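Comments concern the structure below.
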Amino acid sequence: MSDRTLTFIKPEAVDDGYAGKIISIIESAGFKIIGSKMIRMNLKTAREFYKVHQEKEFFEGLTEYASSGPIFILCLEKDNAVEDLRKLIGATDPEKAAEGTIRKLFGKTIRRNGIHASDSNENAEKEIAFFFSKFELLQSSSHDIH
Ligand code: CMP
């Protein structure tokens with residue numbers, strides 16, 4: 001399903017008080033919030049969430065950072081949601097992100113880059129299921145869950 005994606009605002013951006021501004025940018029770009037929650041992942045959960053990166057040299061730092069404080073998680077709906085959100089947040093490294101993108105505006109380093117977003121339709125569905133039960137997501141005509 002290409003019309004849903006998963007994003008979360010990372011610990012430092014939440015701590016800096018940027019959650020509201022980032023959510024406003026996302027909504028203004030036409031995404032509908034169909035689920036939201038603020039949680040703090042423990043290290044085990046962060047390692048499970050990012051397990052696709054477990055062989056990378058940055059895995060330990062990434063998972064320690066992701067579990068270092070609360071994150072604000074959103075499930076979003078829009079036509080072409082995955083691709084459009086990736087464009088809106090910009091490149092992984094804030095220094096390389098285009099002007100006006102969320103990572104350019106609020107990211108600090110490649111690790112502390114402000115926001116995560118699913119990178120494919122397949123991963124979006126996995127990541128949505130990782131954080132949300134079907135009862136925590138708004139019903140829509142294209143996702144009749146009840
Ligand atoms: P995210 O979209 O959450 O998905 C994986 C994360 O790994 C990515 O954002 C970055 O924060 C982090 N990451 C990717 N490449 C590197 C790197 N070279 N060094 C440190 N962190 C990285």
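Whatever order the structure lists them in is the order used to number ligands and atoms, beginning at 1. Source: prediction; values computed, not measured.
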Just distances here: any N/O of T92 and N/O of ligand 1 closer than 3.5 Å? no
How far is atom 10 (C) of ligand 1 from the closest protein heavy atom, and which atom is that? I110 O, 3.2 Å
Judged by heavy atoms only, the candidate from R112, H53, K10 nearest atom 5 (C) of ligand 1 is H53
Protein residue, atom and distance nearest to atom 1 (P) of ligand 1, heavy-atom basis: H116 ND1, 3.3 Å
Give a yes-or-no answer on whether the side chains of K108 and N113 include a donor-acceptor pair shorter than 3.5 Å. no
Could you check if a side-chain atom of R4 sits within less than 4.5 angstrom of a side-chain atom of E125, using non-hydrogen atoms only? yes
One finds that the ligand 1 atoms under 4.0 Å from a non-hydrogen atom of L62 are 6 (C), 7 (O), 12 (C)
Over 12 foreign heavy atoms within 6.0 Å of NZ, K56: yes
What atoms of ligand 1 come closer than 4.0 angstrom to any heavy atom of N113? 8 (C), 9 (O), 10 (C), 11 (O)
Pi-cation contact, F132 with K37 (under 6.0 Å, within 45°): yes
d(I9 CD1, F106 CZ) to nearest 0.5 Å is 9.0 Å
Is it the case that ligand 1 has an N or O less than 3.5 angstrom from some N or O of Y50? yes
Do any N/O atoms on I115 end up under 3.5 angstrom from N/O atoms on ligand 1? no
Please confirm whether R86 approaches ligand 1 to less than 4.0 Å, judged on its heavy atoms. no
Which of the atoms in ligand 1, numbered in the order shown and given with their element, are less than 4.0 Å from a heavy-atom of R103? 1 (P), 2 (O), 9 (O)
In the single-linkage hydrophobic clustering (I, L, V, M, F, W, Y; side-chain heavy atoms under 4.5 Å), do I71 and I25 co-cluster? no
Which residue and non-hydrogen atom of the protein lie closest to atom 17 (C) of ligand 1, and at what distance in Å? F58 CD2, 3.5 Å
Test: R112 and E12 ion pair at under 4.0 Å: yes
ILVMFWY network linking L76 to V82, side-chain heavy atoms under 4.5 angstrom: no
